[in-house]
Amino acid sequence: MAEGKYDHQKSEEKWARIWQEKDLYLAVDGDKKKKFYLLVEFPYPSGAGLHVGHARSWLAMDAYARKKRMEGYNVLYPMGWDAFGLPAENYALKTGVHPSQVVPKNIATFRKQCQALGLSFDWSREIDTTDPQYYKWTQWIFVQLFKKGLAYQAEVPVNWCPACKTNLADEEVLANGTHERCGKPTQRRPQKQWLLKITAYADKLLEGLGTVDYSEDVKRQQINWIGKKEGMKIRFDDVEVFTTRPDTLAGATFVAIPAEQSNQQGDKTKWGEFTGKYVTNPLTKKKIPVWRANYVTAQYGSGAIMGVPAHDLRDLEFATKYEIEIVEMEPDPGLWGKIEMEGWGFKAVSYHLHDWVFSRQHYWGEPIPIVHCSKCGPVMVPESQLPVELPYLEKYEPSGTGGSPLVKAEEWVKTKCPKCGGQAKRETDTMPNWAGSNWYFIRYLDNKNERKLASKGKMKYWLPVDMYQGGAEHITLHLLYSRFIYRFLHEIGVVPTAEPYMKRRTHGIVLGADGRKMSKSFGNVINPDEIVRKYGADTLRLYEMFMGPFGQTVAWSDTAVEGIYRFLKRVWRLAQSSKFKVQSSSEAKRRAARLVTKIGTDIEALKFNTMVAAAMEYVNWWQEHQGKVGQDVMEDFILGLAPMAPFLAEELWHKLGHKDSVHMQPWPEYDARLVADERKIMVVQVNGKVRDRLENGPDVQQRARQSDKVKKYLGGAKYRTIYVPGKIINFVCLT
RNA sequence: GGGCCGGUGGUGAAACUGGUAUACACGCAGGUUUUAGGAACCUGUCCCGCAAGGGGUGAAGGUUCGAGUCCUUUCCGGCCCACCA
C-alpha cells in the first residue's frame, strides 16, 4: 500500500468522474429488485449557488440512498430545478439579464456542485420546471382541473402597491403593511383571479392522513391548516351567519359582516360602521344591529358572524368601542337541537382551508392555458396545442395596471378562440411557483415522455414515493397542495395511488456561525465550494451530518469542521500504517460488526449525528489496537464508511486491491450473537445509588449480594431486591 | 391569541420502550515531538471536596425501588400561522 498524504482534491475529482462515466447511480425502471423511491425537495437554482442547508439534507439522504442500494434496493434518488418564480424575475430586473439566460447558468453551477459533493443522484432524470416540455404537463394538469370545474375565476383581494403600480405576493408585504422594496403602504383591492377548488378535497385530504407515515407534528399541522370546524349556519332574517357556538345564541346582540377593507397583517385595531340595518335574533326575538367590521374574514364560513360580546373577547372589544349592548347568558347546549327544530338554522361545517389563488401577475411563470373569447367566455387551450409557450419579452417590468407583464406581448395575446374561431385574447396571468413543484416527482419517472405526463407502467412501478424529505416550512402549503393535485390525478385515473408520499420527515435549518440565518447582508454565508476545496467533500458530508440532530436547527462551526477533517486524515493514516496481514482478533470482528450494524440502524432512524460518532469511537479503538485489525475487519469498516464518506471509502477500497466500486458491494450482515454485547456490565445499586459494577452472568445476583461494597452500604439491614435482567440490580432497604 | 418544537458541561450535543447522566466532537489547560510555524500524539476537563463522599439535566411539586425520560403547575427560547367566531 502506497504511503503518503491523502490528496482529497485529486482523489475526489477522480472518483466523481469515474462514477459519472460508469453511470453508477442509475435507477432501473421495472427492475426485479425491490424499488425504493427517495425524494428530496428540489431547489430554486439561485445565483448564489448551492446553500449548505440544501446540502445538509441531500447529503444525509445520500447516505440513506447509498445504504439502500448496498442493501439491494433499486433506488431512485433524483434531482431537478424549480426555476420559475419571483426571485429570478427580480434578479433579472435588477441586472438586466433575461431569466431565460440566468436560469441555465445557475442550474449548471448547482449540478456541478452536487457532483462535487458526491451526491448519487440519477442525472438522467433531471427536470427543469421552466422547460416547455416540462410545463406542458403543468398546463395539462390545469386543463384537467378546468374540465372538472375545479379551476374557476373569482374576484379576490390582492396586495397592490400604489407607488410601484404593481401587485405583490404576500411575501413582499411586510408585517406593517408596507412594500418590502419601496417601503410605501400597500392596499388590498379585488381583482379577478384563477382559483383551484382545493376545499372540495378538504375531507379527503384529512382522511388520507390516516394512511401515511408522517411524523406527528407534520400531521397535526396539516390537520390544523385544513381546520375543519363543525358549527351551525343560523339565519337572522336575510343574513346567514356561521358559528361554532350556537349555544351562545342568547347573547348575540349584533351581527357583523366583512368590511370593504380589512386590516393589513399585524394591525389589530378593530373598527367598523353601522349599516343602518336591523335583523331579528331568532331566539330572543330582539332587533339587533348589523355592522360592518374589519375583523370579520370574508373567506370564512358564510362571511357573516353573530356578535356575542358576553362570550367572545373580540366581540366584546368591538361592542365596547361602539357601545353595543352586552347581554350576559349561560351557554345552552340544548340550542343545537332547538335551532334545527325551529328551522332557524342547520348544522354546517367550515374549513380554515380556502380555495387556492392560482394567478400571479408576473412574467416568469407558466402561462395559464386559457383563451378569453367575447362570445364563449374563458375557453381552455386544447391539449394538442400545449404547451402555451411563454413569449420572450425584452421588457417584463410590471404593467403598471395590476395586469401581468404579458399584457405587453400583444401579438401573443391576440389569438383565435379554440371553440368558435373568433377573435380572442390569451390569459396573461401566470401560475404560482407551486404549480411546477406540485407534481415534479412524477416527471422524474419518465422525464422525456412527449405523449404523457409519465407512462403508466413506470408510475405503477415507482409510485408512491417511499420517503419524502424536506423543510418544515413546506409541510402546510407545498405538502397539502401536492397531495391535492395528486389525489385529483388519481381520481381521473392518471396516477396509481391516492397518496403520493408514504413517509415524510423534515430537517432543520443551517444557521450561520453567529446563530443568524445565513444572508449576504450579515456576511455569514458558508460557501460549500470553499469547504470542499480546503477539506474535501467527505469532510463537508460528515460535518453536516455530525453537527446536530437531523431535524433540528443548527449553527455552523468552522472549528468543528476541522475536527472532522482531523478524523478523516486519521482514518487515512491508520489505513496506511496498519498491516492487514494480521489475523483479526475476535474483539476487532465484534467491534466492526457492531459499528456497521449501528450505522445501518442510525441511517434508517435518520440519526446521522450518532452514526458519525460511532465511527469515531471505532477509530479511536482501532488506533489503540492496530495489531488486531486484519483485512476482513478493515473491509467491513470501509463498507460502513461508504454511505457517509463515499470518496475516502472508494479510495481505501481500491487500495486494498479491489477493482469494482465499494458502492456496488452488498451491505454486510452479521450474526446477531456477534453484534450482541456478551460481556455486559450490570449495575448494582443500594437504595438507588450505584455501588458496584459486575459482569453479567447467571449468578450475578449471588455475586452482588456478596460484594463488599454492597455489604458495606446495606449494613445488615433488611432489604428487598429489584432485579432487571441484563440491566440493573437494586437492593432497597426496608425502613 | 392559536399551533408546533425545544431547554442537559465553557460550546455542538449523547442517553433504545423509565434502569451507570454527559458518549462523540469542539474549546481550553498541561505535556511529548518538531529549527520554527503547523500537524501529530499523550493526559486532564459537570460542580463542591485532599479523600471518603455529596450535589447535579430551566424552576417547583408528584408517581416509582429508580425520572433527563411519565404526570401537574410554572418560567424561558425558537419556528409557523395569525382578528378563523
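The sequence lines fix the lettering, A, B, ..., with proteins before strands; numbering per chain opens at 1.
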Cationic N near anionic O, under 4.0 Å, [X] to [Y]:
X      : Y      : value
A:R591 : A:E587 : yes
A:R504 : A:E41  : yes
A:R703 : A:E695 : no
A:D692 : A:K709 : yes

Is B:G12 syn or is it anti, if syn means the base angle is within 90 degrees of 0?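 B:G12: anti.
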
Taking the [atom1] atom in each of [N] and [M], what is the distance between them to the nearest angstrom?
N     : M     : atom1 : value
B:C28 : B:A39 : P     : 11 Å
B:U11 : B:G27 : P     : 15 Å
B:U69 : B:U63 : P     : 15 Å

With a sphere of 6.0 Å drawn around NZ of A:K219, does it hold more than 12 non-hydrogen atoms of other residues, nucleotides or ligands?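 Enclosed.
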
Distances for protein N or O near nucleotides 20-27 of chain B N or O, under 3.5 Å:
residue : atom : partner : partner atom : Å
B:U20   : O2   : A:R693  : NE           : 2.8
B:U20   : O2   : A:R693  : NH2          : 2.6
B:A23   : O2'  : A:E617  : OE2          : 3.2
B:A25   : OP1  : A:N620  : ND2          : 3.0
B:C26   : OP1  : A:R566  : NE           : 3.3
B:C26   : OP1  : A:R566  : NH2          : 2.7
B:C26   : O2'  : A:T559  : OG1          : 2.8
B:G27   : OP2  : A:R566  : NH2          : 3.2

Looking only at atom types and distance, does a side-chain atom of A:T284 sit under 3.5 Å from a main-chain N or O of A:K286, one as donor and one as acceptor?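 Looks like yes, one N/O pair under 3.5 Å.
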
Closer than 3.5 angstrom, by distance alone: can the side chain of A:H507 be matched with the main-chain N or O of A:F550 as a donor-acceptor pair?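 Judged by distance alone, no pair lies under 3.5 Å.
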
Would you mind telling me which residue lines up with the more 5' stretch of RNA chain B, A:V732 or A:W225, judged by nearest nucleotide?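 Between the two, 5'-proximity favours A:V732.
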
Can you give the dot-bracket line for RNA chain B, where a pair is Watson-Crick or G-U wobble with both atom distances under 3.5 Å, crossing pairs use [ ], and | marks a partner on another strand? (((((((..(((......[....)))((((((.......))))))(((....)))..(((((..]....))))))))))))....

Shortest side-chain distance from [X], nucleotide among [options]:
X      : options             : answer
A:K229 : B:A14, B:A85, B:C65 : B:A85
A:K727 : B:A13, B:C16, B:A85 : B:C16
A:P549 : B:A85, B:A14, B:A39 : B:A14

Taking atom types as modelled, is there a side-chain donor on A:Y719 or A:R705 under 3.5 Å from an acceptor on the other?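 There is such a pair between these side chains.
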
Residues A:W556 and A:D558: side-chain donor-acceptor under 3.5 angstrom: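 Short answer, yes.
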
Protein-nucleotides 47-55 of chain B N/O pairs closer than 3.5 Å?
residue : atom : partner : partner atom : Å
B:G53   : OP1  : A:Y713  : OH           : 2.7
B:G54   : OP1  : A:R691  : NH2          : 3.3
B:G55   : OP2  : A:K689  : NZ           : 3.1

For A:W434 and A:H478, take the angle between the two ring planes, folded into 0 to 90°, and tell me which bin it lands in: parallel under 30, tilted 30 to 60, perpendicular over 60.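 Geometry flag for A:H478 against A:W434: parallel rings.
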
Do the ring planes of A:F318 and A:Y322 sit parallel (below 30°), tilted (30 to 60°) or perpendicular (above 60°)?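 It falls in the tilted class, 30° to 60°.
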
Under 4.0 Å: is that the gap between some side-chain N or O of [X] and OP1 or OP2 of [N]?
X      : N     : value
A:Q623 : B:A40 : no
A:Q221 : B:C79 : no
A:K607 : B:A15 : yes

Rounded to the Å, how far apart are A:D558 CG and B:U11 C1'?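 Taking CG of A:D558 and C1' of B:U11, I get 14 Å after rounding.
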
Across the strands shown, which category fits A:N224 at heavy-atom distances under 4.0 angstrom: base, sugar-phosphate, nothing?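 Answer is sugar-phosphate: A:N224 comes under 4.0 Å of backbone atoms only.
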
